[in-house]
**Q** 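Can you keep this structure in mind? I'll have questions shortly.
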Amino acid sequence: MKVVIYIIRFLLALLFIYSGIEKLFLPYHSEVFQANMPHSGEAFFEFYDLLQKTGYLSFVGVCQLLCGGLLVFKKTYLLGAVMLFPLMLCLVMTHVFFSKNVGYMVFDSTLLSLNLVIILHHFRLLQATFLRPAKTVL
C-alpha cells in the first residue's frame, strides 16, 4: 500500500504544482481557454472570468502550489492531502454547477478519490488528532 500512496502523492503533487504555476505565472486568454473547453456551459466562462478579474484565481493558484509542494515531502504529505480536499471538492462542484462538462467532472472526481485514498489510509491518525474524546462537555 505504501507504493500506491507514494504514486498517488507524486501524481497529485505534479498536477497541482503545475496548476498552481499555470494560474500564477502563465498569461490567461479567455478565448484560448474557451476554445480548450468546448463542452462547458457559458456560465462557467463568466464565473471563471470573474474569478480571474478579481484575483481569486491567484489565491487558488497559491493554494494549489502549496498543497502540491506539501504532498512531495514525507513529513508534510498528509497535511497537504487534508488541505487539498476542500480545494478539490470546490473544483468538482464548480464543474457540476457551472461548466456541466462531464469529462472534467470525471477527471476531478478521480483526483478527489485518489486524495481520499491518502486521507483514509491515515484515518486512525486523523481520528486521534481531530476526534479526541473530550474531558469536558465544552
Side-chain angles (χ1 to χ4, degrees):
M1 190 66 180
K2 286 184 177 182
V3 174
V4 172
I5 298 294
Y6 187 81
I7 292 170
I8 292 171
R9 277 174 48 201
F10 282 98
L11 174 69
L12 291 176
L14 286 173
L15 284 170
F16 281 93
I17 288 172
Y18 173 76
S19 295
I21 289 171
E22 182 183 41
K23 284 181 181 64
L24 290 173
F25 302 113
L26 298 181
Y28 169 72
H29 302 288
S30 63
E31 303 83 23
V32 175
F33 183 69
Q34 290 182 18
N36 289 335
M37 300 183 68
H39 303 293
S40 299
E42 187 62 34
F44 174 70
F45 297 119
E46 292 174 16
F47 178 67
Y48 201 86
D49 284 344
L50 177 66
L51 295 178
Q52 178 66 29
K53 288 175 186 169
T54 58
Y56 187 78
L57 276 185
S58 296
F59 170 72
V60 172
V62 168
C63 291
Q64 288 177 325
L65 194 59
L66 175 66
C67 292
L70 288 171
L71 283 168
V72 172
F73 302 105
K74 186 177 180 180
K75 286 188 174 185
T76 59
Y77 79 89
L78 185 56
L79 175 63
V82 170
M83 288 174 56
L84 195 56
F85 181 78
L87 182 65
M88 294 176 76
L89 189 60
C90 287
L91 292 174
V92 172
M93 292 301 118
T94 297
H95 290 296
V96 169
F97 291 108
F98 290 104
S99 80
K100 315 274 189 223
N101 188 319
V102 175
Y104 281 99
M105 285 183 225
V106 170
F107 181 73
D108 287 349
S109 296
T110 303
L111 295 180
L112 180 65
S113 300
L114 291 173
N115 193 40
L116 274 174
V117 169
I118 295 174
I119 292 171
L120 292 177
H121 182 69
H122 298 283
F123 180 74
R124 291 189 190 274
L125 176 64
L126 292 171
Q127 184 181 30
T129 303
F130 295 114
L131 303 173
R132 291 183 291 188
K135 293 179 181 172
T136 64
V137 177
L138 299 174

**Q** Check the hydrophobic clustering (I, L, V, M, F, W, Y; side-chain heavy atoms under 4.5 Å; chains of links allowed) and say if Tyr6 and Leu11 are grouped together.
**A**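 Each belongs to a different hydrophobic cluster.
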
**Q** From Ser113 OG over to Ile118 CD1, what is the distance, rounded to the nearest 0.5 angstrom?
**A**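 Reported value, rounded in 0.5 Å steps: 12.0 Å.
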
**Q** Side chains of residues 77-95: which donor-acceptor partners sit under 3.5 Å, not counting sequence neighbours?
**A**
unit_1	atom_1	unit_2	atom_2	d
Tyr77	OH	His122	NE2	2.7
Thr94	OG1	Cys90	O	2.7
His95	ND1	Ser99	OG	2.8
His95	NE2	Asp108	OD2	3.2

**Q** Starting from Phe107, can I reach Tyr18 by hopping between I/L/V/M/F/W/Y residues whose side chains sit under 4.5 Å apart?
**A**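 No: no chain of side-chain contacts under 4.5 Å links Tyr18 to Phe107.
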
**Q** For Phe10, look at atom CZ and say whether over 12 heavy atoms of other residues, nucleotides or ligands are found less than 6.0 Å away.
**A**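 More than 12 heavy atoms, drawn from other residues, nucleotides or ligands, come within 6.0 Å of this atom.
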
**Q** I'd like a table of donor-acceptor pairs (distance under 3.5 Å, sequence neighbours excluded) in which one partner is a side-chain atom from residues 62-72, with atom names and distances.
**A**
unit_1	atom_1	unit_2	atom_2	d
Gln64	OE1	Lys23	NZ	3.3

**Q** Cluster question for you: counting only ILVMFWY and a side-chain heavy-atom cut-off of under 4.5 Å, with indirect links fine, are Ile119 and Leu112 together?
**A**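 Ile119 and Leu112: one cluster.
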
**Q** Looking only at heavy atoms, which two atoms of Phe73 and Arg9 are closest? And how far apart?
**A**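 For Phe73 and Arg9, the tightest heavy-atom pair comes out as C-NH2, 3.6 Å.
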
**Q** For a quick test of reading the model, state the closest non-hydrogen atom pair linking Ser40 to Asn101 and the distance between them.
**A**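 So the minimum-distance heavy-atom pair works out to OG-ND2, 3.1 Å.
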
**Q** Are Phe47 and Phe97 packed together at the side-chain level, in the sense that at least one heavy-atom pair is separated by less than 4.5 angstrom?
**A**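 Side-chain contact under 4.5 Å: no.
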
**Q** Apply the hydrophobic cluster definition, ILVMFWY joined by side-chain contacts under 4.5 Å directly or through others, and give me every member besides Val106.
**A**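 Val102, listed by chain and number.
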
**Q** Sequence neighbours left out, cut at 3.5 Å: what donor-acceptor pairs do the side chains of residues 125-134 make with other protein atoms?
**A**
unit_1	atom_1	unit_2	atom_2	d
Thr129	OG1	Leu125	O	2.8

**Q** To the nearest 0.5 Å, what is the distance between OH (Tyr28) and NZ (Lys53)?
**A**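 So the gap between those two atoms works out to 8.5 Å.
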
**Q** Let me confirm one number: the CG-OG1 distance from Asn115 to Thr110, rounded to the nearest 0.5 Å.
**A**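 Reported to 0.5 Å precision, the distance equals 12.5 Å.
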
**Q** Starting from Phe123 and following side-chain heavy-atom contacts under 4.5 Å between hydrophobic residues (I, L, V, M, F, W, Y), which residues can be reached?
**A**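 Besides Phe123, the cluster holds Leu120.
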
**Q** For the hydrophobic clusters of this structure (ILVMFWY residues joined by side-chain heavy atoms under 4.5 Å, transitively), does one cluster hold both Phe44 and Leu50?
**A**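 Per the 4.5 Å side-chain linkage, Phe44 and Leu50 are not co-clustered.
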
**Q** Return the set of residues passing side chain to side chain contact (heavy atoms under 4.5 Å, CB included) with Ile7 (not counting sequence neighbours), or none when no residue passes.
**A**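 In terms of side chain to side chain contact (heavy atoms under 4.5 Å, CB included), with neighbours along the sequence ignored, Ile7 is linked to Val3.
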
**Q** Would Phe16 end up clustered with Leu51 when hydrophobic side chains under 4.5 Å apart are linked, directly or stepwise?
**A**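 Yes: a chain of side-chain contacts under 4.5 Å links Phe16 to Leu51.
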
**Q** Using the ring centroid of each side chain, check whether Tyr56 and Phe59 are separated by less than 6.0 Å.
**A**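 Ring centres of Phe59 and Tyr56 closer than 6.0 Å.
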
